[in-house]
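Structure, as structure tokens:
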Amino acid sequence: MSEDRTLAQSLRVQRCPECGSSRVMKDSEYAEIVCMDCGFVIDAKLTDRGPEWRAFDQEQRDKRTRVGAPLTYTIHDKGLSTMIDWHDRDVYGRRIPADQKAQVYRLRKWQRRIRVSNATERNLAFALSEISKISNALNLPKNILETASVIYRKAVRERLIRGRSIQGVTAAALYMACRQCSVARTIDEIAEVSGVDKKEVGRSYRFLVKELDFFVPPLTPSQYITKFSNQLAMQGKADEIAHKTLTSARTLKLTSGRGPTGIAAAASYIASVLTGERKTQREIAEIAQVTEVTIRNRYKELVERLWFIISL
DNA sequence: AAGACGAAAGTGGTTGA
DNA sequence: TCAACAACTTTCGTCTT
């Protein structure tokens with residue numbers, strides 16, 4: 001009974017948080033819940049972590065509990081590592097008799113060999129550590145790391161890594177994960193910390209999107225606005241105004257075809273002026289990675305069309 | 001003197017023949 | 001594959017605060 005309930009709870013996802021579609025499907029082969037309309041990966045680890053037994057008293061609980069680290073996709077064997085340590089001692093700390101030492105040594109050797117057995121495993125182990133490194137450097141949340149790991153595993157399974165640099169693909173997978181989770185990070189930032197050429201990251205990214213048949217929702221300026229106001233240390237009020245400016249701009253069709261960073265930067269600039277905590281164009285340009293000229297152009301367009309809305 | 005403004009030329013990526 | 005194209009950048013001179 002409780003088994004059914006916990007499973008149902010873990011699968012109770014009715015709507016895609018990204019596009020609101022109710023066509024949500026469980027892809028058990030890849031252990032994902034995926035939105036059928038926009039491709040958003042709603043949940044990537046369909047492991048039922050709840051206990052599949054019931055315990056009526058402490059004794060039963062102790063008896064039935066099994067202990068283990070949670071599964072993670074960020075370690076090449078999903079965290080299911082067993083290591084035989086190098087002490088020649090048994091579980092009670094007693095020395096192992098000489099005639100068994102050779103056997104323990106052999107076991108240890110094979111354990112090591114099995115863990116990272118072939119080239120694919122080594123590749124995976126290296127790539128996943130690389131992903132962790134980059135995501136740590138960028139202070140990315142853990143779910144991004146997991147998503148990126150899943151994407152990379154998928155790429156490996158589809159044999160897409162051949163002929164491509166591991167670093168390039170890891171960076172691309174991470175960028176993809178950011179996009180999937182609506183975390184505004186530019187290719188530049190990822191290229192910077194991963195030490196991979198920006199073009200290479202972009203190429204790999206496009207390749208992955210095409211081959212894995214992913215639909216990646218386009219980055220919206222509003223995601224950048226949140227990021228910018230954080231970096232500019234602006235107050236919530238300014239953030240709010242910037243978002244409002246943006247929605248008006250969208251209804252006036254001023255956003256299509258324009259780079260989202262430029263629009264977000266301009267909206268942030270307008271907000272900074274309106275709230276009185278004025279930031280220079282250069283400051284914002286620096287953070288937004290666009291030029292002052294672009295901010296000025298967007299700003300001009302926005303003000304021309306929006307001033308009457310604001311004055312109303 | 002710093003910041004804002006805008007013109008003009010240059011750059012990298014996309015599109016359509 | 002190539003030219004046309006729009007968005008964006010770089011550069012630089014001028015105006016404003």
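Below, read A as the first sequence line, B as the second, and so on, with proteins coming before strands; counting in each chain starts at 1. Quick caveat, the model's predicted, so the values are computed rather than measured.
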Report the C-alpha distance between Glu240(A) and Lys244(A) in whole Å, list the side-chain angles of each, state the deciding distance to 0.1 Å, and finish with yes or no for salt bridge (Lys or Arg N to Asp or Glu O under 4.0 Å).
CA-CA 6 Å; Glu240(A) 195 188 318; Lys244(A) 274 189 185 153; 3.4 Å; yes

With respect to Val193(A), which candidate in Leu174(A), Leu138(A), Asn136(A) satisfies the side chain to side chain contact (heavy atoms under 4.5 Å, CB included) definition?
Leu138(A)

Roughly how many Å is it from CG in Asn297(A) to P in dA4(B), rounded to a whole number?
15 Å

May I have the distance from Arg298(A) (atom CZ) to dC5(B) (atom P), rounded to whole angstrom?
15 Å

For atom CD1 of Ile263(A) and atom P of dC8(C), their distance in whole Å:
7 Å

Ignoring the backbone of Arg278(A), work out which of dT10(C), dA7(C), dA4(B) is nearest its side chain.
dA4(B)

Result for 5'-nearest mapping on DNA chain B, choosing between Arg282(A) and Lys300(A), is Arg282(A)

Over how many whole Å does the gap from Arg296(A) atom CZ to dT14(C) atom P extend?
16 Å

Does atom CD (Glu192(A)) have a neighbourhood of more than 12 heavy atoms from anything else shown, all under 6.0 Å?
no

Starting from C1' on dT14(C), measure out to CD on Glu292(A) and report it in whole angstrom.
15 Å

To the nearest Å, give me how far apart CD1 (Ile295(A)) and C1' (dC5(B)) are.
13 Å

Just by distance, with hydrogens left out, do Arg278(A) and Tyr269(A) show a side-chain donor and acceptor under 3.5 Å apart?
yes

Are more than 12 heavy atoms, taken from residues, nucleotides or ligands other than Glu189(A), located less than 6.0 Å from that residue's CD atom?
yes

Nucleotide by nucleotide, 5' to 3', does protein get under 4.0 Å of the base (B), only the sugar-phosphate (S), or neither (-) in nucleotides 8-14 of chain B, counting heavy atoms?
-------

Step by step, work out the side-chain contact (heavy atoms from CB on, under 4.5 Å) result for Tyr152(A) and Thr147(A).
CA-CA 9 Å; Tyr152(A) 191 86; Thr147(A) 309; over 6 Å; no

Wobble G-U and Watson-Crick pairs count when both distances are under 3.5 Å; given that, what is the 5' to 3' dot-bracket string of DNA chain C, with | for pairing to other strands?
|||||.|||||||||||

Could you go through the side-chain contact (heavy atoms from CB on, under 4.5 Å) check for Arg179(A) and Tyr205(A) one step at a time?
CA-CA 11 Å; Arg179(A) 295 287 298 264; Tyr205(A) 168 67; 3.7 Å; yes

Under 4.0 Å, counting only non-hydrogen atoms across every strand here, what does Thr280(A) touch: a base, just sugar-phosphate, or nothing?
sugar-phosphate

Under 4.0 Å between a side-chain nitrogen and a carboxylate oxygen: does that hold for Glu301(A) and Arg258(A)?
yes

Tell me whether the OP1 or OP2 atom of dA4(B) has a side-chain N or O from Tyr269(A) closer than 4.0 Å.
yes

Taking atom CD of Gln235(A) as the centre, does the number of heavy atoms from other residues, nucleotides or ligands within less than 6.0 Å exceed 12?
no

